[in-house]
Amino acid sequence: MKQVETLKKLANWKKRSGPVVFVVMDGVAYGKRKEGDAVANAVMETFAELSSTCPLVKLKAHGEAVGLPSDEDMGNSEVGHNAFGAGRIFAQGAKLVNKSLQEGSMFSGNTWQEAIKTQGVLHFIGLLSDGGVHSNIKHLEAMVKQAKIDGVKVVRIHALLDGRDVPATSALEYFEPFEALLAELNADGTFDAKIASGGGRMYITMDRYNADWPMVERGWHTHVLGEGRQFSSSVEAIKTLRAETSALDQDLPPFVIAKDGKAIGTVQDGDSVILFNYRGDRALEITSAFESGNDFPHFDRIRVPKVFYAGMMEYDGDLHVPKHYLVTPPAIDRTLAEFLCALKLKQYSISETQKFGHITYFFNGNKSGKFDENLETYVEIKGDNVPFEQRPAMKCAEITDAVLEAINSKEYDFIKINYPNGDMVGHTGSYQAAVASLEAMDLNIGRLKKAIEAVGGILVVSADHGNADEMYEFKKDGTVAMENGKPKAKTSHSLNPVPFIIFDPTYQGEYDLKLKEGLGISHVAATLINLLGYEAPSDYDTSIITLK
Ligand SMILES: O=C(O)[C@@H](CO)OP(=O)(O)O
Ligand SMILES: [Mn+2]
Ligand SMILES: [Mn+2]
């Protein structure tokens, strides 16, 4: 790989005595309505003070500004952190898969051709919604139709309920029409495609960053071994399990579709398996359960079928996982971390488990390794495996303890932090927990601010997309949607703009205090490089500050 160029020092920059600390408040944006806006309604004294005394601008963090197909698409952590770290916009997974389907390259490629050779069953595993963060049901529909055209006889779908990127209890809006489509495709008797198993995405299969392997184990038992509570159809399963548990879709227990007491879609030797999610974080663990040999320490798989396994994308471009994939991911190069390494600047990256890979792997262009072991420190604060509304602080105090030590050590030039609060608690749908979570985070940003003041560093506060700023669903007429006498919880990200604030207590007048308007979060990297005293790479999206 070609080394990046060494950036030039800014001629008129007075080097600060402390580090540049970049805070990603995950899932914190400016809502449009006060009701259900946990960000606007929480008591956040530090955020309020920074907002009224520092340079501040709103940045776009959704749609085309982060490489998604359209401005209807909300932002998410993958594309948000990619944009922060790459300083440019890359066409993202969602867009690349659309293109590959439109142009037909997916189906003419080797991976698809190999997958359809199976004499057994072609399985699809993935998230059944049009949320567009990890997957898109339209991609699955196109693949199932093509499988029939290509002469595959038996298809089994292992479908995860979303309710996290789409309304909280919307699963039947996807499962019912999808079952109808399968019935139509099966009608001529030459093709047999059925949903074979499923469950909530936060209950089985889609764990990330080694947070909770038993989730993947439950998924393996459900999809591969066909073990679990049996139902005659997915729709019956969802209705029954909802009535029994009142779980939101993302937390629905698993189900297995069976006929005469026998699971209809276990995975067997000689089958093909396609994971149709394109985003990597929540795809890597189930992929490793399929691809690992005997040295698989995470759980007893009991039976490991010999299958042709493929992912929608290459999920880790460093380690080349999975071995086979349908669409090539964006080639994100020349990231901020790489430029800082070339300058020999020391960097420190930290978050809680759920966002650890966001601030490292996604930020560094979906790269799991470091550019330079000696210059980069990664710290993960282990999260709790509990429903996050029960521990809304999301380890923000522990994260801050570690950062204060890093600041005071004077070892680091650049520190980046992800506080998971607004996002992880936002996804639970609990308004009260979201408020508590944001207030805890704000207390800790206050601690950071003091430390930065003491050492003469710069604190930059921003966010990757919205979430906690919209905790209620609204009706078309603009009033709050109600359910059982209470506001209906919204669990997904929002499309709202995010804050960008610079707290620079030893400001030397090198830049205008008025920030540039109308930009997106891909402009942050160039700004951070300037604030470290260097000229940004010429191909980066321009800095948000105007240098004097
Ligand atoms: O939890 C996740 O996987 C996504 C939502 O699907 O959230 P984020 O992009 O914030 O990680
Ligand atoms: Mn996020
Ligand atoms: Mn999220």
Side-chain angles (χ1 to χ4, degrees), residues 26-27 29 61-64 66-82 92-98 101 124-143 157-178 181 195 198-208 219 234 238 247-252 275-283 286 311-313 315 327 354 358 362 422-424 426-429 464-471 473-474 488-496:
D26 207 308
H62 75 286
E64 292 174 19
V66 286
L68 292 171
S70 86
D71 279 350
E72 311 285 293
D73 298 308
M74 64 203 175
N76 68 69
S77 297
E78 177 191 38
V79 302
H81 286 74
N82 281 174
Q92 287 289 348
K95 220 174 170 170
L96 297 173
V97 177
N98 288 349
L101 279 168
F124 293 98
I125 303 176
L127 188 61
L128 200 79
S129 81
D130 59 357
V133 175
H134 294 268
S135 71
N136 194 324
I137 187 173
K138 290 195 191 73
H139 301 159
L140 175 68
E141 288 169 0
M143 289 192 290
I157 295 113
H158 306 270
L160 299 161
L161 282 74
D162 188 346
R164 190 174 173 89
D165 300 324
V166 291
T169 47
S170 58
L172 291 175
E173 290 168 34
Y174 302 99
F175 279 75
E176 280 175 338
F178 187 71
L181 169 73
I195 293 183
R201 57 174 282 183
M202 296 301 281
Y203 200 103
I204 58 170
T205 316
M206 279 176 64
D207 182 43
R208 65 178 169 201
S234 67
I238 292 167
L248 297 181
D249 289 352
Q250 53 182 330
D251 303 315
L252 201 82
L275 184 64
F276 65 91
N277 291 1
Y278 42 77
R279 177 167 141 174
D281 57 347
R282 296 189 185 276
I286 185 73
M312 179 63 99
M313 290 238 148
Y315 301 126
V327 180
Q354 286 294 333
H358 291 28
F362 285 149
D423 184 66
M424 292 308 295
H427 280 302
T428 68
D464 56 340
H465 53 79
N467 185 336
D469 39 290
E470 280 185 15
M471 296 297 296
E473 295 281 0
F474 282 81
K488 186 165 165 40
K490 176 167 180 288
T491 53
S492 59
H493 297 167
S494 73
L495 285 86
N496 294 324

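Quick note: residue numbers are just sequence positions, from 1.
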Novice: About how many Å separate CD1 of Ile238 and CG of Leu161, when rounded to the nearest 0.5 Å?
Specialist: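 Between atom CG of Leu161 and atom CD1 of Ile238 there are 4.5 Å.
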Novice: Measure from the side-chain N and O atoms of Asp249 to the backbone N and O of Ala171, and report whether any donor-acceptor pair falls under 3.5 Å.
Specialist: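 Yes, Asp249 side chain to Ala171 backbone: donor-acceptor pair under 3.5 Å.
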Novice: Under the side-chain contact (heavy atoms from CB on, under 4.5 Å) test against Phe276, which residue among His139, Met143, His134, His158 passes?
Specialist: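 Answer after filtering His139, Met143, His134, His158: Met143.
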Novice: Quick one: which of Val166, Asp130, Leu181, Asp162 gives a side-chain contact (heavy atoms from CB on, under 4.5 Å) with Ile137?
Specialist: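 The passing option is Asp130.
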Novice: Check side-chain contact (heavy atoms from CB on, under 4.5 Å) between Leu495 and all other residues, then give those that pass, not counting sequence neighbours.
Specialist: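 With neighbours one apart ignored, the set is His62, Met74.
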Novice: What distance separates Glu72 CD from Glu64 CD, expressed to the nearest 0.5 Å?
Specialist: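 Those atoms lie 10.0 Å apart.
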Novice: What pair of heavy atoms forms the shortest contact from Ala29 to Ser494, and how long is it?
Specialist: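 Looking at all heavy atoms of both residues, the closest pair is CB-OG, 4.4 Å.
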Novice: Measure the CG-CD distance between Asp207 and Gln354 for me, rounded to the nearest 0.5 Å.
Specialist: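 Those atoms lie 7.0 Å apart.
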Novice: For residues Arg279 and Asn76, determine if any side-chain heavy atom of one lies less than 4.5 Å from a side-chain heavy atom of the other.
Specialist: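 Yes. Closest side-chain heavy atoms under 4.5 Å.
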Novice: Go through His465 and Asn496 one step at a time and tell me if the side-chain hydrogen bond (donor to acceptor under 3.5 Å, both in side chains) criterion holds.
Specialist: CA-CA 7 Å; His465 53 79; Asn496 294 324; over 6 Å; no
Novice: Determine whether a donor-acceptor pair (N or O, by modelled atom type, separation under 3.5 Å) exists between the side chain of Asn277 and the backbone of Ser135.
Specialist: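 Not a single qualifying donor-acceptor pair exists.
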Novice: Closest heavy-atom contact between Ile195 and Ser234?
Specialist: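 Shortest heavy-atom contact: CD1-OG, 3.7 Å.
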Novice: Is there side-chain contact between Tyr278 and Leu96, with at least one heavy-atom pair below 4.5 Å?
Specialist: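 Of all side-chain heavy-atom pairs linking Leu96 with Tyr278, none is under 4.5 Å.
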Novice: List the atom of Leu128, the atom of Ala159, and the distance in Å for their closest heavy-atom pair.
Specialist: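 Smallest interatomic distance, heavy atoms only, reads CB-CB, 4.1 Å.
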Novice: When you measure from the side chain of Asp281 to the backbone of His358, do you find a donor-acceptor pair of N or O atoms at a distance under 3.5 Å?
Specialist: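 Flag not set: sc Asp281 to bb His358 has no pair under 3.5 Å.
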Novice: Give the minimum heavy-atom separation between Tyr203 and Asp251, together with the two atoms involved.
Specialist: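 Here Tyr203 and Asp251 meet closest at CD1-O, 3.4 Å.
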Novice: Just verifying a value: how many Å separate Gln92 CD and Asn82 CG, rounded to the nearest 0.5 Å?
Specialist: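 These two atoms lie 4.5 Å from each other.
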Novice: Please answer whether the main-chain N or O of Thr491 pairs with a side-chain N or O of His427 as donor and acceptor at a distance below 3.5 Å.
Specialist: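 Pair found, side chain donor or acceptor close to backbone of Thr491.
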Novice: Using modelled atom types and a 3.5 Å cut-off, is there a donor and acceptor pairing between side-chain atoms of Asn467 and backbone atoms of Gly27?
Specialist: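 Absent.
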Novice: Please report the closest heavy-atom contact between Asp26 and His81, naming both atoms and the distance.
Specialist: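 Looks like OD2-CE1, 3.7 Å.
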Novice: Which distance, rounded to the nearest 0.5 Å, do you find between the CG of Leu140 and the OG of Ser129?
Specialist: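 Those atoms lie 11.0 Å apart.
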Novice: I need the Glu78 CD to Leu68 CG distance, nearest 0.5 Å.
Specialist: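 These two atoms lie 9.0 Å from each other.
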Novice: Without swapping roles, check the side chain of Asp165 against the backbone of His493 for a donor-acceptor pair under 3.5 Å.
Specialist: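 Pair absent, no side-chain N/O of Asp165 close to backbone of His493.
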Novice: Please find the pair of heavy atoms, one from Ala468 and one from Gly422, that lie closest to each other, and give the distance.
Specialist: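 It is CB-O, 3.5 Å.
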Novice: Heavy atoms, side chains only, cut-off 4.5 Å: are Met312 and Asn136 in contact?
Specialist: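 No. Closest side-chain heavy atoms not under 4.5 Å.
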